[in-house]
K.L.:
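One structure follows; several queries about it will come next.
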There are 2 protein chains.
Amino acid sequence: MREFKRKSRVLLVDDNSDHLRGIKELVSLEGCYDVVGATTSANVAINLIKKYRPDIVLMDINMPEKDGLQAIQEIEKLGLDTRIIALSGYDDADLIFRAMKIGAKGYVLKTMASAQLIYAIDEVSAGKVYLPSALSSRFFEYFQRSFKDEAVVSDEENLLTYLTSREEEVLELLTQGNNYKGIAGKLFISETTVKTHVNNIFQKLQVNDRTQAVLYALNNGFGNRKRSKVAV
Amino acid sequence: MREFKRKSRVLLVDDNSDHLRGIKELVSLEGCYDVVGATTSANVAINLIKKYRPDIVLMDINMPEKDGLQAIQEIEKLGLDTRIIALSGYDDADLIFRAMKIGAKGYVLKTMASAQLIYAIDEVSAGKVYLPSALSSRFFEYFQRSFKDEAVVSDEENLLTYLTSREEEVLELLTQGNNYKGIAGKLFISETTVKTHVNNIFQKLQVNDRTQAVLYALNNGFGNRKRSKVAV
DNA sequence: TTCGTTCTAAATCTTTGGATTGATAAAATA
DNA sequence: TATTTTATCAATCCAAAGATTTAGAACGAA
C-alpha cells in the first residue's frame, strides 16, 4: 500500500539536536518520506509549517523553551491538514490524554523501538490515529476514570424525571438565560402561566430560585448537556 | 504467556441465540477460557454476573429488549472487577465512544473475523483495553471533534479576564446558587457591597441578570469547571 | 503627590422574581 | 364515567434583584 502513495512530507521538532539528527536519519531511510525540515525550536517549527505545509509533524512535547502541547494547539488552530504525532519521554496518562485531546494523531515514546515510530508515521500518514497498544490502554483508563464520577451522579435520584414535558421546555429556556417575559414570548403563553410552571419546577427540583434550578439542570444531565470533570 | 494464567471465566450475552451458540463454541475452543454462562437476556446476565463473577463479559449492545449500553452501565456500577467487551453490529463512532465512556474495556464488531474477537478477549483478559485499529481511529476522531469547539471557545475573548479577584469570588458564589444575603455572609461584607460587585460583574460580562452571568461563567471555563459537548 | 483602581458601603428607586390562591378546560387514566 | 394530571391564566403581595448615584479608605503606579 505504501509504495503507491506519493511521498509524505515530514517535519521534525526536538529540542535535543542529537535526537533530531537520529530521527531524521531514521525517517529519511524510509523511502516514502521526505523530511522537509528539522528544528529544535517550536516557534521556528510553526513558521516552517506555515511555509511548507508538511503532511506529518513529529513534535517533541518535553521541551523547556516552549511547551510542546501548546505548540500542537497552535498548529491545530491553523486549520491545516497537517497531522501531528507527539514524541515524549513519558508514558504519563495525563500527558497522553491531553495530547490526544488537543488533536495529536499519535503519541510515541522516545524509548520505543524505531520500527514503532515508523509504524506510527505510516498509520497516521494513512489517515488513522495511532496509539501504541500500551499507551492506548493508559489513555482509556484515564478516559474512563474521568467519566466515572459523572456516572455515579446520574445514578442517584434525578429530580428532572418528575418534570412534565412542558416544564422541561420552560426549564430549557431558563437554562438559556431567559426571564419570564422571554419565555412567555417564545412559548406563546402568558407570563403568569410561565410563573406557574417555574414555581412547579422549583418545587420538583427542590430549589429556591431560577439560578439554582439552572444549576441543578446542568449538573444532572439536562438535555444533551453534560458537565465533565476533564480539564486541559 | 497465556498458558501460564488460570482460565478466565467468560459470560456471553446476545439476544440472537444463533450468534450466542456460535460465539460460545468459538470461545470454548480456546483452551484458556471457561464459558460460565450464555444468555439472551441482559437482565438475566446481570444476575448471572452477580452470582458467578466472571472475568470477562461479552455483551451485545444491539438488543431490542434492554439497551446493552444501559446493561454495561449497571454492571459497572456493581463495582466488580468484571471486564466488559461490547459486541456490536455497527462501527458508529458515537456508539463506540459511549461504550468506552461508560467503562467497556473493548469493542468488537460482529462482522470481524473470529480471530479478532479472541484476540480482543486475550488483551482485555490481560488487563488491557482493546479497540481494533479501525475502531480506535473512529473513537479518536469523535473524541477530538468533541473537544474542538471547546478549544475555539477558549480562543475568543474571555470577558471573565476583566473581573477583579474579588469579583471572581462573588461570581464563584453566584455559580453555587447563593443570593445576595448568602454571598454577603460568606464574604463577611454587607449586602450592598455584594450588589455593587454583582452589578460590576454584569457590566463586564455584558449580561442582564445572575442566571446569565452564571451561564457565561460555566460556558467559559470559570474556575476549573469545563463544559464539554460530549454526551452519553 | 496625584491619579486610577479596587473594595467597601449606603440610599433610593424600579423592575423582576417568587409564593399563594383559585379557576377553567382538555387530556389522560383508572 | 369519574378522577387525576396537565396546561392555561389572573390577581395579589412581598421579597429579592437590579440600576444608579455617591462616597470614603486603601493601595499602587505614574
Side-chain angles (χ1 to χ4, degrees), chain A residues 156-225, chain B residues 157-225 227:
Chain A
E156 61 192 30
E157 190 182 34
N158 194 337
L159 300 176
L160 290 172
T161 59
Y162 297 135
L163 299 183
T164 68
S165 59
R166 195 55 161 173
E167 285 161 359
E168 282 180 358
E169 285 184 81
V170 173
L171 181 54
E172 165 79 27
L173 290 170
L174 275 182
T175 63
Q176 289 167 16
N178 291 284
N179 58 14
Y180 286 132
K181 194 176 296 187
I183 297 174
K186 274 158 194 161
L187 295 182
F188 304 107
I189 54 179
S190 84
E191 219 171 310
T192 57
T193 304
V194 178
K195 285 194 177 192
T196 307
H197 286 312
V198 169
N199 267 289
N200 289 333
I201 291 171
F202 291 166
Q203 299 299 318
K204 291 184 178 178
L205 301 188
Q206 297 166 22
V207 297
N208 303 312
D209 54 51
R210 65 181 53 211
T211 307
Q212 290 177 3
V214 166
L215 288 169
Y216 185 92
L218 296 180
N219 285 319
N220 289 275
F222 184 71
N224 39 13
R225 290 167 198 77
Chain B
E157 189 183 34
N158 194 337
L159 299 177
L160 291 172
T161 59
Y162 297 135
L163 299 182
T164 68
S165 59
R166 195 56 160 173
E167 285 162 0
E168 282 180 359
E169 284 183 82
V170 173
L171 182 53
E172 166 79 28
L173 291 168
L174 276 181
T175 63
Q176 289 167 17
N178 291 283
N179 57 15
Y180 286 134
K181 194 176 295 186
I183 297 173
K186 275 157 193 162
L187 294 182
F188 305 107
I189 55 180
S190 85
E191 218 171 311
T192 57
T193 304
V194 178
K195 285 194 177 192
T196 307
H197 286 313
V198 170
N199 267 288
N200 290 334
I201 292 172
F202 291 166
Q203 297 301 317
K204 291 184 178 178
L205 301 188
Q206 297 166 21
V207 297
N208 303 312
D209 55 51
R210 64 181 55 211
T211 307
Q212 291 177 2
V214 166
L215 287 170
Y216 185 92
L218 296 180
N219 285 319
N220 289 275
F222 186 69
N224 40 13
R225 289 166 199 77
R227 295 275 305 281

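Throughout, protein chains are lettered first and strands after them, A, B, ... in sequence-line order, and every chain is numbered starting at 1. Just so it is clear, the values below take in all heavy atoms, side chains as well, and ignore hydrogens, waters and symmetry mates.
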K.L.:
Find the distance A/N178:CG to C/dT16:C1' and express it as a whole number of Å.
P.N.:
14 Å

K.L.:
For A/F202 and for B/T196, find the nucleotide of DNA chain C with the closest heavy atom, then tell me which residue's nucleotide is more 5'.
P.N.:
B/T196

K.L.:
Give me the atom names and distance for the closest heavy-atom approach of A/T164 to A/E167.
P.N.:
N-OE1, 2.9 Å

K.L.:
Give, for atom CG of B/L218 and atom OG1 of A/T175, the distance between the pair rounded to the nearest 0.5 Å.
P.N.:
11.5 Å

K.L.:
Looking at CD of B/E172 and CG of B/N178, how far apart are the two atoms once the value is rounded to the nearest 0.5 Å?
P.N.:
9.5 Å

K.L.:
Can you tell me the distance, in whole Å, between the CZ atom of A/R210 and the C1' atom of C/dG17?
P.N.:
6 Å

K.L.:
Using a strict heavy-atom distance below 4.0 Å, which residues from residues 186-195 of chain A are in contact with DNA chain D?
P.N.:
A/I189, A/S190, A/T192, A/T193

K.L.:
Expressed as a whole number of angstroms, how long is the span from A/I183:CD1 to C/dG17:C1'?
P.N.:
11 Å

K.L.:
OP1 or OP2 of C/dA19 sitting under 4.0 Å from any side-chain N/O of A/N199?
P.N.:
yes

K.L.:
To the nearest Å, give me how far apart CZ (A/R166) and C1' (C/dA27) are.
P.N.:
15 Å

K.L.:
Taking the nucleotide of DNA chain C with the nearest heavy atom to each, does B/E167 or B/D209 sit closer to the 5' end?
P.N.:
B/E167

K.L.:
Starting at atom CG of A/L174, determine the distance to atom C1' of C/dT16, rounded to an integer number of angstrom.
P.N.:
13 Å

K.L.:
To the nearest 0.5 Å, what is the distance between NZ on A/K204 and OG1 on A/T161?
P.N.:
9.5 Å

K.L.:
If you walk 5' to 3' along DNA chain D, what is the first nucleotide with an atom under 4.0 Å of a heavy atom in chain A, and what is the last?
P.N.:
D/dT6 to D/dA10

K.L.:
Got a second to check how far B/N220's CG is from B/L205's CG, nearest 0.5 Å?
P.N.:
8.5 Å

K.L.:
Rounded to the nearest Å, what distance is computed from the CG atom of residue A/N208 to the P atom of nucleotide C/dA19?
P.N.:
7 Å

K.L.:
Mind running side-chain contact (heavy atoms from CB on, under 4.5 Å) on A/L187 and A/V170 for me, showing each step along the way?
P.N.:
CA-CA 8 Å; A/L187 295 182; A/V170 173; 3.8 Å; yes

K.L.:
Can you measure B/N200 atom CG to C/dC7 atom P for me and round it to whole angstrom units?
P.N.:
9 Å

K.L.:
Quick one: do B/K186 and B/V194 satisfy side-chain contact (heavy atoms from CB on, under 4.5 Å)? Show the steps, please.
P.N.:
CA-CA 11 Å; B/K186 275 157 193 162; B/V194 178; over 6 Å; no

K.L.:
Does B/R210 reach the side chain of B/N179, with side-chain heavy atoms less than 4.5 Å apart?
P.N.:
yes

K.L.:
To the nearest 0.5 Å, tell me how far B/L171 CG sits from B/Y216 OH.
P.N.:
10.5 Å

K.L.:
What is the distance, rounded to the nearest whole Å, between atom NE2 of B/H197 and atom P of C/dT5?
P.N.:
16 Å

